[in-house]
Engineer: 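I am attaching a structure below and will ask some questions about it afterwards.
Not measured: the values here are computed from a predicted model.
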Amino acid sequence: MAEQQEKTIELPASTTVRDLAEKINASPIDIIKVLMANGVMANINQQIDFDTAAIVAAELGFEATLEVIDQIETEDLGEIALWRRLIADEDEADLVRRPPVVTILGHVDHGKTSLLDSIRSTSVQEGEYGGITQHISAYQIEHNGKTISFLDTPGHAAFTAMRSRGAQGADIVILVVAADDGVMPQTKEALNHAKAAQVPIIVALNKIDKQNANPDRVKQQLAEVGLVPDEWDGDTIVVPVSATEKIGLEDLLEAILLVADNIEILANPAGKLIGTVIEAERDKAKGVMATVLVQNGTLQVGDTLIAGLSHGRIRAMFDFRGEPIEEAGPSTPISVMGLNDVPNAGDLVRRVDSDKVARVIVAEREERAKDARIGQQRPVTLETMFERFQEGQMRELRLIIKADVQGSLEPIVSSLQEMSASDEEGKIRVNILHSATGNISESDIDLAAASQAIVMGFNVQADEAARVTADREGVSIRFYNIIYRLTEDVEKALKGMLAPEEVITVVGRAEVRALFKIPKTGFIAGCRVIEGEILRNAQIRVLRNDNLIYEGDISSLKHEKDDVREVRAGFECGIALRGFDAFEEGDILECFTRKLVKAI
């Protein structure tokens, strides 16, 4: 029993040949020999994943288990739930108010950038930010002794990209609407993105100095899209402003502070570090520079951070003026230097104990990302929605509706809004995030991806860009030409009665490198697995010059001379198919599985 204990080792998600040799007290040469025998060419400093290292360890008499790192990984929660979960772990007694974080959205020509520049120039002395070479897309101002942080995000697309990666990008959204132009299609899109983020909305009615400005007409349009002005007994603050003439800016800042006072914007400066990447780039002189918004805890120079698939020890930090600082608390936008790679906008920033821990967590994330590319996570569909509701993963059915004309759109939306279904656990609510006339666009897909919504089209098509994005993001699009079919499918989905959906998942690809003739069997394809894995109990498509030649079952799968159940990427194998042997060198064999996904 004691001997068995000595033969058990813990290995990280990724390790080098040298480190593995040290772990099992073996020569690196012996490790390399075992790897070569398994078809993997490696040097002493080569990184190998846990599965490969475990196989090598097993052949040398050791049983490997995955090393557990004492760092909470909660990214799979997604969306606002992640932020709330992390804040919920903090002691309420330690939570204090933090400055509100504000982002500005709106139609491209309605003065968003001018408004941001006017607020900054009137609130910050010219000398404090003039001539700074390092532009930071976020800044802070002081108004009546209180701090407000502004995010200069390039439109609602970036705002949505942040949310799709799990980031709560802002506490308050300012929706800019031009008084001379009114509510435009992009205004409605920005509004729906803000509503999906579940944040308060303040309307900045810009360009009131224009001669053709018509504020009352615009307020009526706002009321029609659900933003009833407070002066009309609604709950939306509408502030008339002129960015160019600097009119109404004080009133807008007052409105921000008023809304901030009415919502709980809390953080623990001494708690867990949580932040969000606003933007990042690789500077020729400084290396990777990332603009980060600190949302909880305090970031200090010398901390080791992970942000998506990037990590590193922070060597320097700069505030929005470009001045070096040593630490930054909640709601503070800063530029940090020291990450090993450029993170994505919206990546969550976490502090870890050491660079070793950071490397392990990033390696695990890379493995998950690779697995996700091989077998995409099952998307939200009408067929799977009820099951996910029962599992507690969803509480509402989120829809984006596009129709050919307003006369079709209105009865569809009206019928769907009346629907809901309940069971002993609770109620599934229909939430229409966006509805409009016209073809399904890429913006519709972006909103659906960020919000886990389903896109439904009536007598419309999807743009090519929308189709490509939907395939990439796993967004479900459904088309109808009869209204009651659309509403009937939603009703069945809410009650878990929709017919099961057949889900096809590609799990691996192999390339035919040689052909072997076996008496009484025919030709067997000698292959190298180039992606994922080939499974004995799965099916195969034979692709020649991207054309489908055959689809059927595997009759034999061998590695060297042994019958095996699976062969992973990087290894060679022999594949025989049932009813097909007309292989050619260069053929691609695509391994896939079929599964019926039930609604209940």
Engineer: Do any N or O atoms from the side chain of His559 and from the backbone of Glu572 form a donor-acceptor pair under 3.5 angstrom?
Structural biologist: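 Present.
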Engineer: Ignoring hydrogens, what is the shortest heavy-atom contact between Leu535 and Ile554? Give both atom names and the distance.
Structural biologist: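 Minimum heavy-atom contact is O-CD1, 3.2 Å.
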Engineer: Applying salt bridge (charged side-chain N to carboxylate O under 4.0 Å, His left out), can you list everything that pairs with Asp30, at least two apart in sequence or on another chain?
Structural biologist: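 Salt bridge (charged side-chain N to carboxylate O under 4.0 Å, His left out) list for Asp30, sorted by chain: empty.
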Engineer: Got a second to check how far Ser441's OG is from Asp446's CG, nearest 0.5 Å?
Structural biologist: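 That separation rounds to 8.0 Å.
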Engineer: Going from CG on Asp562 to CG on Leu557, what distance comes out if it is rounded to the nearest 0.5 angstrom?
Structural biologist: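 Here the interatomic distance stands at 11.0 Å.
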Engineer: Less than 4.5 Å apart, side chain to side chain, heavy atoms only: is that true for Thr437 and Asp404?
Structural biologist: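 When only atoms from C-beta onward are counted, Asp404 and Thr437 do not touch, as no gap falls below 4.5 Å.
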Engineer: Could you tell me if Arg541 sits above the aromatic ring of Phe592, with its cationic atom closer than 6.0 Å to the ring centre and no more than 45 degrees from the axis?
Structural biologist: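 The answer is yes; both the distance and angle limits are met.
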Engineer: Does a side-chain N-to-carboxylate-O contact under 4.0 Å join Glu511 and Arg509?
Structural biologist: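 Between Arg509 and Glu511 there is no salt bridge, as every charged N stays at least 4.0 Å from the carboxylate O atoms.
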Engineer: So, for Ile31 and Leu20, which heavy atoms are closest and what is the spacing to 0.1 Å?
Structural biologist: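 The pair with the smallest heavy-atom distance is CG2-CD2, 4.0 Å.
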Engineer: Might you point out which heavy atoms bring Val225 and Leu191 nearest each other, and give the distance in Å?
Structural biologist: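 Closest pair (atom of Val225, atom of Leu191, distance): O-CD2, 3.5 Å.
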Engineer: Tell me, yes or no, whether the heavy-atom count around Arg578 atom CZ, taken from other residues, nucleotides or ligands under 6.0 Å, exceeds 12.
Structural biologist: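 Yes, because the 6.0 Å sphere around CZ of Arg578 holds more than 12 heavy atoms from other groups.
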Engineer: So for atom CZ, which belongs to Arg565, do other residues, nucleotides or ligands contribute more than 12 heavy atoms lying within a distance under 6.0 Å?
Structural biologist: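 No, the 6.0 Å shell around CZ holds no more than 12 heavy atoms from other groups.
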Engineer: Does any part of the side chain of Ile306, heavy atoms only, come nearer than 4.5 Å to the side chain of Val362, both counted from C-beta?
Structural biologist: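 Yes; the side chains approach each other to less than 4.5 Å.
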Engineer: Quick check against the 3.5 Å criterion: does Thr487 have a side-chain atom that pairs as donor or acceptor with the backbone of Tyr484?
Structural biologist: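 Pair found, side chain donor or acceptor close to backbone of Tyr484.
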Engineer: Rounded to the nearest 0.5 Å, what's the gap from CD1 on Ile400 to CD1 on Ile477? Could you check?
Structural biologist: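 It is 10.0 Å, given to the nearest 0.5 Å.
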Engineer: For residues Val529 and Cys573, determine if any side-chain heavy atom of one lies less than 4.5 Å from a side-chain heavy atom of the other.
Structural biologist: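 A side-chain contact under 4.5 Å exists here.
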Engineer: State plainly whether the residues Arg536 and Asp563 are in salt-bridge range, i.e. N to O under 4.0 Å.
Structural biologist: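 No salt bridge links Arg536 with Asp563.
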Engineer: Looking only at atom types and distance, does a side-chain atom of Ser435 sit under 3.5 Å from a main-chain N or O of Ile401, one as donor and one as acceptor?
Structural biologist: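 Judged by distance alone, no pair lies under 3.5 Å.
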Engineer: Return the minimal non-hydrogen interatomic distance between Ile440 and Val455, and the atom names on each side.
Structural biologist: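 Looking at all heavy atoms of both residues, the shortest contact is CD1-CG1, 3.7 Å.
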Engineer: Side chain of Lys23, backbone of Glu10: donor and acceptor closer than 3.5 Å?
Structural biologist: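 Checking the backbone N and O of Glu10 against the side chain of Lys23, a donor-acceptor pair under 3.5 Å is found.
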Engineer: To the nearest 0.5 angstrom, please state how far the CG atom of Leu305 sits from the OG atom of Ser310.
Structural biologist: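 Spacing of CG (Leu305) from OG (Ser310) equals 10.5 Å.
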Engineer: Over 60° means perpendicular and under 30° means parallel, so tell me whether Phe580 and Tyr550 are parallel, tilted or perpendicular.
Structural biologist: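 Rings of Phe580 and Tyr550: parallel, as their planes differ by under 30°.
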Engineer: Looking at Asp489 and Leu486, would you say the former's side chain and the latter's main chain have a donor-acceptor pair under 3.5 Å?
Structural biologist: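 Such a contact is absent between Asp489 side chain and Leu486 backbone.
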Engineer: Thr469 and Glu442: side-chain hydrogen bond (donor to acceptor under 3.5 Å, both in side chains), yes or no, with the steps?
Structural biologist: CA-CA 7 Å; Thr469 305; Glu442 188 175 11; 3.1 Å; yes
Engineer: Are any of the side-chain heavy atoms of Ile274 and Leu348 separated by less than 4.5 Å?
Structural biologist: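 Yes - at least one pair of side-chain heavy atoms lies under 4.5 Å apart.
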Engineer: Is the backbone of Asn439 close enough, under 3.5 Å, to the side chain of Lys402 for a donor and an acceptor to pair up by distance?
Structural biologist: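 Checked: pair present.
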Engineer: Going by the rule salt bridge (charged side-chain N to carboxylate O under 4.0 Å, His left out), which residues pair with Arg544 if we only count those two or more places apart in sequence or in a different chain?
Structural biologist: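 Result, salt bridge (charged side-chain N to carboxylate O under 4.0 Å, His left out) vs Arg544: Glu584, Asp587.
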Engineer: Checking the side chain of Arg528 only, and the main-chain atoms of Gly570 only, is there a donor and an acceptor separated by less than 3.5 Å?
Structural biologist: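 Indeed, once roles are kept as given, a pair shorter than 3.5 Å links the two residues.
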Engineer: One thing to verify: whether Arg359 and Asp355 come together as a salt bridge, which I'm taking to mean a side-chain N less than 4.0 angstrom from a carboxylate O.
Structural biologist: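 So Asp355 pairs with Arg359 through a salt bridge.
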Engineer: First locate atom CG of Asn340, then atom NE2 of His311, and finally report the distance between them rounded to the nearest 0.5 Å.
Structural biologist: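 Reported value, rounded in 0.5 Å steps: 4.0 Å.
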Engineer: So Val17 and Leu35, side chain to side chain contact (heavy atoms under 4.5 Å, CB included) or not? Walk me through it.
Structural biologist: CA-CA 10 Å; Val17 170; Leu35 287 169; 3.9 Å; yes
Engineer: What's the spacing between Met456 CE and Ser476 OG if we round to 0.5 Å?
Structural biologist: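 If I round to the nearest 0.5 Å, the distance is 8.5 Å.
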Engineer: Check whether any side-chain heavy atom of Asp444 sits under 4.5 Å from a side-chain heavy atom of His434, and report yes or no.
Structural biologist: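 In contact.
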Engineer: For Thr16, what residues pass the side-chain contact (heavy atoms from CB on, under 4.5 Å) criterion, not counting sequence neighbours?
Structural biologist: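 Testing Thr16 for side-chain contact (heavy atoms from CB on, under 4.5 Å), a comparison that skips the adjacent residues, returns Arg18, Asp19, Gln47.
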Engineer: Is there side-chain contact between Ile483 and Phe458, with at least one heavy-atom pair below 4.5 Å?
Structural biologist: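 Yes - at least one pair of side-chain heavy atoms lies under 4.5 Å apart.
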Engineer: Verify, without hydrogens or angle tests, whether Ser414 (side chain) and Glu410 (backbone) share a donor-acceptor contact under 3.5 angstrom.
Structural biologist: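 No.
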Engineer: Under 3.5 Å, is there a donor-acceptor pair between the side chain of Thr52 and the main chain of Ile48?
Structural biologist: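 Side chain of Thr52 to backbone of Ile48, a donor-acceptor pair under 3.5 Å: no, none is there.
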Engineer: Between Glu488 and Arg485, is a side chain to side chain contact (heavy atoms under 4.5 Å, CB included) present by the stated rule, with each step listed?
Structural biologist: CA-CA 5 Å; Glu488 185 181 61; Arg485 296 276 189 207; 4.0 Å; yes
Engineer: Evaluate Glu59 against Lys33 for side chain to side chain contact (heavy atoms under 4.5 Å, CB included), listing each step before the verdict.
Structural biologist: CA-CA 11 Å; Glu59 294 200 18; Lys33 285 180 179 178; over 6 Å; no
Engineer: Can you name the nearest heavy-atom pair linking Ala453 to Leu399, along with the distance?
Structural biologist: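 It is CB-N, 4.4 Å.
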Engineer: Please step through side chain to side chain contact (heavy atoms under 4.5 Å, CB included) for the pair Leu577 and Ile575, ending with a clear verdict.
Structural biologist: CA-CA 7 Å; Leu577 301 181; Ile575 299 176; 3.8 Å; yes
Engineer: Write down the atom of Ala525, the atom of Leu515, and the distance for their closest heavy-atom approach.
Structural biologist: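 That would be CA-CD2, 4.5 Å.
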Engineer: Would you check if Leu416 and Val490 make a side-chain contact, meaning some heavy-atom pair closer than 4.5 Å?
Structural biologist: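 Yes; the side chains approach each other to less than 4.5 Å.
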Engineer: A side-chain contact here means heavy atoms from C-beta on lying under 4.5 Å apart; do Val349 and Thr276 qualify?
Structural biologist: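 The answer is no, as the side chains (C-beta and beyond) never meet within the 4.5 Å cut-off.
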